[in-house]
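Working notes for the structure below.
Here is the naming used below: chain letters follow the sequence lines, and residue numbers restart at 1 for every chain.
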Amino acid sequence: MFDTPLTDLLLAYAGFEYSIFDYCDTMSQRGVWQLKKLVVSYCNWGGSSRGVREFMESKLPAFKESNPQLEVETKHIGGQHPHLEGIYRNKNERTVCVRNMTPEEVLECATKLRNSLGRKVVKLKTRHVTKHPSVQGTWTTALKL
Amino acid sequence: MAQRRVFQTLARQYSSFSLSLKTLNPLLQSLPRITQIPHFPQTFNLISSISASNQHTLFTITRHFSSNRSDDSEDSEDYDDDEEDEMGESLDEDDVVSGSSGKREYTPEEKESEAAAIGYKVVGPLERSDRVFKDYEPVFAVIQIGSHQFKVSNGDCVYAEKLKFCEVHDKIILNKVLMLGSPTQTLIGRPILPDATVRAVVEEHALDAKVIIFKKKRRKNYRRTKGHRQELTKIRITDIQGIEKPVMPVPEKTKKAVKEVEKVAVPA
């Protein structure tokens, strides 16, 4: 494929593994999961990790199967609270502390990480994002119907 | 003295026996027979043994306190509730919304689709190898999702309230279209346009930024702080149907320029 920086941008936004012609159409074709990697950090000794340990035994395999595109890694941290870390395509990282949570709650956290894009959590300016705001022409005071 | 005491207790119990509704008929019949036996110590032993064995049952039968009644009724209610819960769970196994606080269970898929209709969206199949995303077309539609309305065109993103029954990368059909427009034509619905459909894809389910709700009444020692994150769904509009779209003549020059760019990039 291409190696220019423009194409990197396209790849960051673009959707599927399209053919050459589709890549050049628009950058805004999304269909790809934005979460690339999920790191589940846990501790074998700590009581706050109990839920995460149960989650890893019971629910993590099912979560992995339902998300084959996701790279899930388990990491042992000694003596620290457990957390889930999500790494997104736009190189954003989101860490969620899951200490003292039940396995169901941990699964909810993991699902929320998977469902979201990597965008920065900022207050939305508008709820409607568009590049072409007007179809029939913007209204002006001089317009007469 | 002990014998007299035993007899008194026996007499009391017998009288209570006769009063209680739950009559242990065989025991009642057996007791007078036993008392009639002439051998005193043996009968005494028998009676004592019987009484000992029956004491527990007698006490449970005879002692009816007001608190006991309430306890019994509570127990019976608990049993009924357990039965109902079991029944409900067996019915609701199909579509159960997971989560620690997930109380709602939407039984069949019909209910899900009905609830979706209330929010004016229908979930289609998941997207795989579908070329759903198109170029911009100069057509707009006014859509209603829940209680909010948006003027939407091809390729737009809309942040709506969380749509419950769809997941990320689901195709959605928005039914409630109030108005359609193109550069040459406008269709106004009364209040909905029946044949119009707007297709969209769910892109993400995420939480909005935290909003701190701070309440204060001055000089009254009242101050409250509450954090709130709204759950949003980002929808990308892919297609609008129900109006004649103007056919734009695609200029050939842009295609040639694109091909030249490709040829330059490949050797590099």
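Of all the listed residues (A206(B), A209(B), C157(B)), the one sharing the greatest number of non-hydrogen pairs under 4.5 Å with chain A is C157(B).
When the side chain to side chain contact (heavy atoms under 4.5 Å, CB included) test is applied to R94(A), the partners found at least two apart in sequence or on another chain are Y88(A), L113(A), S116(A). Residues satisfying the side chain to side chain contact (heavy atoms under 4.5 Å, CB included) test with E54(A), not counting sequence neighbours, are R50(A), P103(A).
Of the two parts of T111(A), neither the backbone nor the side chain holds a non-hydrogen atom closer than 4.5 Å to a non-hydrogen atom of chain B. Of the atoms belonging to V211(B), not a single heavy atom falls under 4.5 Å from chain A. Only the side chain of Q230(B) has a heavy atom closer than 4.5 Å to any heavy atom of chain A. Both the backbone and the side chain of V121(A) come within contact range of chain B, with heavy atoms under 4.5 Å apart. For L232(B), the part lying near chain A is the side chain, with the backbone staying farther off; criterion is any non-hydrogen pair under 4.5 Å.
Taking all atoms of both residues into account, the shortest heavy-atom contact from L38(A) to F63(A) is CD2-CE2, 3.8 Å. The two atoms that bring I237(B) and S153(B) nearest to each other are CB-O, 3.6 Å, heavy atoms only.
Within the structure, salt bridge (Lys or Arg N to Asp or Glu O under 4.0 Å) pairs that include any residue of residues 113-124 of chain A comprise R119(A)-E204(B) (at least two apart or interchain).
Looking at R53(A), its side chain does come within 3.5 Å of a backbone N or O of C43(A) through a donor-acceptor pair.
R99(A) CZ: 12 or fewer foreign heavy atoms inside a 6.0 Å radius.
Atom-to-atom distance recorded for K75(A):NZ and Y42(A):OH is 12.0 Å, nearest 0.5 angstrom.
Listed by sequence position, G181(B), S182(B), P183(B), Q185(B), T186(B) are the residues of residues 180-195 of chain B in contact with chain A, using a 4.5 angstrom heavy-atom cutoff.
Ion pairing between a basic and an acidic side chain is recognised when a charged N comes within 4.0 Å of a carboxylate O; K59(A) and E104(A) show such pairing.
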